[in-house]
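Have a look at the structure below, then the notes.
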Amino acid sequence: MLRRWWVVLLGGIIGGALALYPDARPKALFTATATVGAGAAGAGGSPEAEAKLADSAREGAKLLNSNAAAVRVLQETALLQDPDFLAGLSGQNAETGEVDKTAASRRLQGAVFASARGADGLIDIEAQTESPDLCVKIANAYAEQFPRIMEDKAGQSASTATEILALEKSRLETKLQMAGKALQSFINRQGGKVDDAMLAEAQSKIDGAKLAVSDAEGDLLRLDADLAKVPACNGDVAKLLQLSSVRADPQVAALVEETGQQADAAAEQQDRLSAPVLEAVARLEVRRAEAEQRLEKAKAAMAAAVDRHLDLSASSVEYTTLEANAKAAKTRYDAFLDKVTASPGKKGGPESARIVERAREATRMHSSRSWRAVWGVVAGMSVGLALVLGLVFSRRGPQDYDYDLGNA
């Protein structure tokens, strides 16, 4: 290795020379920068305004870096007729001379880089090409088309917002119509709104039915009790007259009122009451059956009154719910219309997009010569060292390795 030190040194010299070679090429890259503003001049001042400007600048830089911006610049400018632009463009038809616009837009997009500067809403449009005149043209072409690019984006946003508003309006209108139809269907089915008077009437019928049931149950209980006592009376008119059901018989009651006799009446008067009392006793079973029928009818009437009251209550709740839904749908729809009328949406336009500074001249791009030279020397010396080591180890045989092992 000591004998071949010059190989390592020669590798460093060659590596450094190769690293500095790009700066000596006749075709170097040039860059030109134009500055545009995505917000109105002097719109900052508050943190909210600065944040809004920064967002606008980032959105504008994103649009400028898109392929759509490159396509628009090619459509609105004469870059496709520029010899410098066409010189490095692949995909051109040699026979017809037509330019592949897709390849042209890709090349243009690759030559431009837009970046937001900060909270002032400014965007730097940097173009890099091998021609100094071409990069100035490209940077200025992008700056000139920037207001229209922003206008196109604003128009698309406005169109999208209009579609969203139309869909929301249609949705609210549908809800309003459905709520109105449901309310009208209920009114047609029920014949109108259920008010407090109808509920009070239904409750009154329930109360009357309860009284009828109570009276029928009382009559049935009295008849059952008196029928149980009839055998113990053994046909004694005086004892039978003590039974309330017998005394309540219309014929017996009329005869007792007429004679004014009580249970201790004279024997001849009791004989006069004997036949009506016995007939009244015979009619107790019939009266009991009638009491059962009245009880069943009273219970059925009460059940019907309760069902009617429940139906009216449910209808009242349903009507109240449907009416509330209809009112809420109308309120939401009116509020939506008022909001749309009061703030019809932001109109997009180029008034806030402006050219701040046009590209004046192109500057040649320089990389750090010193660092490139250092890395070139290091790389060249590494290659030279590897070459020397390769030569040394390629000339060593098995006896050399055995000698090294023996000494070790």
Side-chain angles (χ1 to χ4, degrees), residues 185-324:
S185 175
F186 173 84
I187 293 175
N188 295 336
R189 185 175 68 252
Q190 297 294 334
K193 178 182 178 181
V194 177
D195 53 14
D196 295 338
M198 297 174 66
L199 290 173
E201 182 182 356
Q203 184 62 46
S204 177
K205 290 182 178 181
I206 292 176
D207 296 338
K210 286 182 178 180
L211 291 175
V213 169
S214 178
D215 292 342
E217 287 178 344
D219 291 343
L220 187 60
L221 288 175
R222 286 192 297 271
L223 287 168
D224 287 338
D226 291 343
L227 283 171
K229 296 176 182 179
V230 167
C233 294
N234 294 321
D236 188 347
V237 176
K239 292 181 179 180
L240 291 173
L241 281 173
Q242 294 178 0
L243 301 178
S244 60
S245 299
V246 174
R247 294 186 60 133
D249 186 85
Q251 294 181 6
V252 174
L255 191 56
V256 169
E257 183 179 358
E258 180 183 348
T259 59
Q261 300 295 321
Q262 300 297 326
D264 55 350
E268 60 274 10
Q269 292 173 340
Q270 290 185 5
D271 292 339
R272 185 181 177 188
L273 292 171
S274 177
V277 168
L278 292 177
E279 291 177 0
V281 171
R283 287 195 296 270
L284 287 179
E285 290 292 344
V286 178
R287 291 171 58 192
R288 184 184 183 283
E290 293 175 351
E292 285 184 343
Q293 292 179 0
R294 289 199 311 274
L295 179 60
E296 293 298 328
K297 290 182 180 179
K299 287 183 177 179
M302 186 176 69
V306 171
D307 291 340
R308 173 63 176 168
H309 188 274
L310 291 176
D311 290 341
L312 291 176
S313 298
S315 298
S316 178
V317 173
E318 183 180 0
Y319 180 86
T320 302
T321 303
L322 293 174
E323 187 179 35

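- Between Glu217 and Leu220, every side-chain heavy-atom pair lies at or beyond the 4.5 Å cut-off.
- With values rounded to the nearest 0.5 angstrom, Arg288 atom CZ is found 7.0 Å from Glu285 atom CD.
- Side chain of Asp219 to main chain of Ala291: no donor-acceptor pair is present (N/O by atom type, distance under 3.5 Å, no hydrogens or angles).
- Considering all non-hydrogen atoms of both residues, Ser245 and Arg222 come closest at OG-O, 3.5 Å.
- Between Ala301 and Ala209, the closest heavy-atom pair is C-CB, 4.0 Å.
- Atoms CG and CE, from Leu211 and Met302 in turn, are 11.0 Å apart once rounded to the nearest 0.5 Å.
- Here the straight-line distance linking atom OG of Ser315 with atom CZ of Arg308 works out to 7.5 Å at 0.5 Å rounding.
- Expressed to the nearest 0.5 Å, how far CG of Leu295 lies from CG of Leu221 amounts to 9.0 Å.
- With Thr321 contributing its side chain and Val317 its backbone, the two residues share a donor-acceptor pair below 3.5 Å.
- Panel note: side chain Ser204, backbone Ala200; no donor-acceptor pair is recorded below 3.5 Å.
- The distance from the OG atom of Ser244 to the NZ atom of Lys229 is 7.0 Å, given to the nearest 0.5 Å.
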